[in-house]
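Here the structure is a predicted model, which is why all the values come from computation and not from measurement.
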Amino acid sequence: MNTLFACLPCYNEEENIIPLTLGWLEQEEVLKKEGFSLQVVAIDDKSTDSTKEKISQLEREHPQVHLVAHEKNMNLGGGVNTAVTYFLQHGVPGDLCVLMDGDNTHDPKYVHSMIQAVRRGADVVIASRYQGGAEVHGVPRHRLFLSDGAKLYYSLMLRVPKVKDYTCGYRAYTYQSLQRARKKYGDKLITQRSFACMMELLYKLYRSGCRFDEVPFSLRYDNKGGESKMRVLRTMKDSLKTAWQLRRGKI
């Protein structure tokens, strides 16, 4: 049986990490029927609240849960890089890494349609806000407007086949896809610290020969506890610049 690693980068998610982790544990029996054992890897990015303590509690209660704690804050890019490194160190060919935000806005139940997309031949599967049947709940109107504009820009600039959602953090990666990209880029696979790291990783996987697919899902921003940690305008600036640099091979 192969292993599915659910990797959850977290920073100050004391209100969200327990329900999100329990949501993953609820998928365990179905995952076994699909041929996967479950490991939940929660990556604490030097939180200033009780996130680390809550993950430690979950780790004590559930042998499937593992805490990886950063000694200093490394932002989302650092968390994603830690997730990829952990997966490549502990996984084997045939395993899957499912990476998602740690804020409880992504429902683990969509992993099953992602697994089916992998079995149809995809190396990377994105839970997409732009596929038929997708829904978005609780996102402010100005954020939706900016997301739609960014989608158009990224699609025109990067042109990755079968990809519409370049920034959603909810993705499934095969072991072989990340292994191939790590071999090509080494420690330069993820250089961006902001949310732009998700676009960077996607495009470098494309350059490494990966095949993509998307499945619809419901983004439940209304399930999120606590305030958003995204600086919207700064994130947009970083992402637009990163796309430009990626297209020209600068990073």
Side-chain angles (χ1 to χ4, degrees), residues 6-9 20 23 76-77 80 96-174 177 190 192 194-208 210-224 228 230-247:
C7 296
L8 315 175
L20 178 58
L76 181 60
V80 172
L96 288 179
C97 172
V98 177
L99 187 67
M100 64 158 58
D101 299 345
D103 59 5
N104 201 31
T105 60
H106 300 161
D107 194 321
K109 69 181 182 181
Y110 295 102
V111 69
H112 307 294
S113 58
M114 300 170 92
I115 289 171
Q116 294 307 310
V118 168
R119 289 180 170 158
R120 291 193 299 267
D123 300 302
V124 181
V125 183
I126 302 166
S128 174
R129 295 163 289 180
Y130 303 112
Q131 290 292 325
E135 298 177 344
V136 176
H137 300 272
V139 178
R141 186 172 297 178
H142 73 281
R143 289 276 297 270
L144 291 174
F145 176 77
L146 291 172
S147 293
D148 290 343
K151 168 187 172 290
L152 177 60
Y153 175 79
Y154 302 145
S155 297
L156 292 171
M157 180 65 66
L158 301 178
R159 303 179 184 177
V160 178
K162 302 190 75 173
V163 172
K164 295 182 178 180
D165 199 329
Y166 285 82
T167 57
C168 182
Y170 191 177
R171 301 177 187 165
Y173 306 90
T174 65
S177 69
I190 301 167
Q192 303 300 300
S194 71
F195 283 81
C197 70
M198 299 309 303
M199 181 188 6
E200 178 187 19
L201 178 58
L202 187 156
Y203 196 67
K204 288 180 176 178
L205 285 163
Y206 168 60
R207 284 180 181 166
S208 301
C210 291
R211 296 164 294 182
F212 292 82
D213 202 354
E214 293 189 336
V215 298
F217 86 119
S218 292
L219 174 63
R220 297 305 305 249
Y221 209 74
D222 51 344
N223 286 344
K224 173 182 171 60
S228 173
M230 179 186 288
R231 299 179 182 178
V232 176
L233 294 179
R234 181 174 179 178
T235 296
M236 289 293 298
K237 180 181 177 181
D238 288 346
S239 297
L240 294 173
K241 180 180 178 181
T242 299
W244 181 269
Q245 292 175 322
L246 286 168
R247 189 70 174 85

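- The minimum heavy-atom distance between Pro108 and Gly23, with the atom names listed, is CG-C, 3.8 Å.
- Contact record, Cys168 with Phe217: SG-CZ, 3.8 Å, taken as the closest heavy-atom pair.
- Looking only at side-chain heavy atoms (C-beta outward), Tyr170 and Met114 come within less than 4.5 Å of each other.
- Between the CG atom in Leu246 and the CZ atom in Arg207 there is a gap of 5.5 Å [rounded to 0.5 Å].
- Atom-to-atom distance recorded for Arg171:CZ and Ser128:OG is 10.5 Å, nearest 0.5 angstrom.
- How far CD of Gln245 is from CD of Gln192: 6.5 Å, rounded to the nearest 0.5 Å.
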Determine, step by step, whether Val163 and Tyr154 satisfy the side-chain contact (heavy atoms from CB on, under 4.5 Å) criterion, reporting the C-alpha distance in whole Å, the side-chain angles of both residues, the deciding distance to 0.1 Å, and the verdict.
CA-CA 10 Å; Val163 172; Tyr154 302 145; over 6 Å; no
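- To the nearest 0.5 angstrom, Lys164 atom NZ is 6.5 Å from Lys151 atom NZ.
- Of the possible donor and acceptor atoms, one in the side chain of Ser113 sits under 3.5 Å from a partner among the backbone N and O of Tyr110.
- With hydrogens and angles left out, the side-chain atoms of Arg129 and Thr167 include a donor and acceptor closer than 3.5 Å.
- What you find for Thr242 and Glu200 is that their closest heavy atoms are CG2-CB, 4.4 Å.
- Taking Arg220 as the reference, Asp222 meet the salt bridge (Lys or Arg N to Asp or Glu O under 4.0 Å) condition, with sequence neighbours excluded.
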Check step by step if side-chain contact (heavy atoms from CB on, under 4.5 Å) holds for Tyr166 and Tyr130.
CA-CA 10 Å; Tyr166 285 82; Tyr130 303 112; over 6 Å; no
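- The heavy-atom pair separating Ala122 from Val125 by the smallest distance is CB-CG2, 3.9 Å.
- Of all heavy-atom pairs spanning Pro9 and Met100, the tightest one is CD-O, 3.3 Å.
- With rounding to the nearest 0.5 angstrom, the NE2 atom of His106 is 5.0 Å from the CG atom of Leu219.
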Evaluate Tyr203 against Val160 for side-chain contact (heavy atoms from CB on, under 4.5 Å), listing each step before the verdict.
CA-CA 7 Å; Tyr203 196 67; Val160 178; 3.8 Å; yes
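- Considering all non-hydrogen atoms of both residues, Cys197 and Ile190 come closest at CB-CG2, 3.9 Å.
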From CA spacing to verdict: side-chain contact (heavy atoms from CB on, under 4.5 Å), Val124, Thr174
CA-CA 7 Å; Val124 181; Thr174 65; over 6 Å; no
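- Between the CG atom of Asp165 and the CZ atom of Phe212 there is a distance of 12.5 Å, given to the nearest 0.5 Å.
- Using a distance-only test at 3.5 Å, with no hydrogens or angles considered, no donor-acceptor pair links the side chain of Asp101 to the main chain of Asp103.
- No donor-acceptor pair under 3.5 Å is formed between the side chain of Ser208 and the backbone N or O of Cys210.
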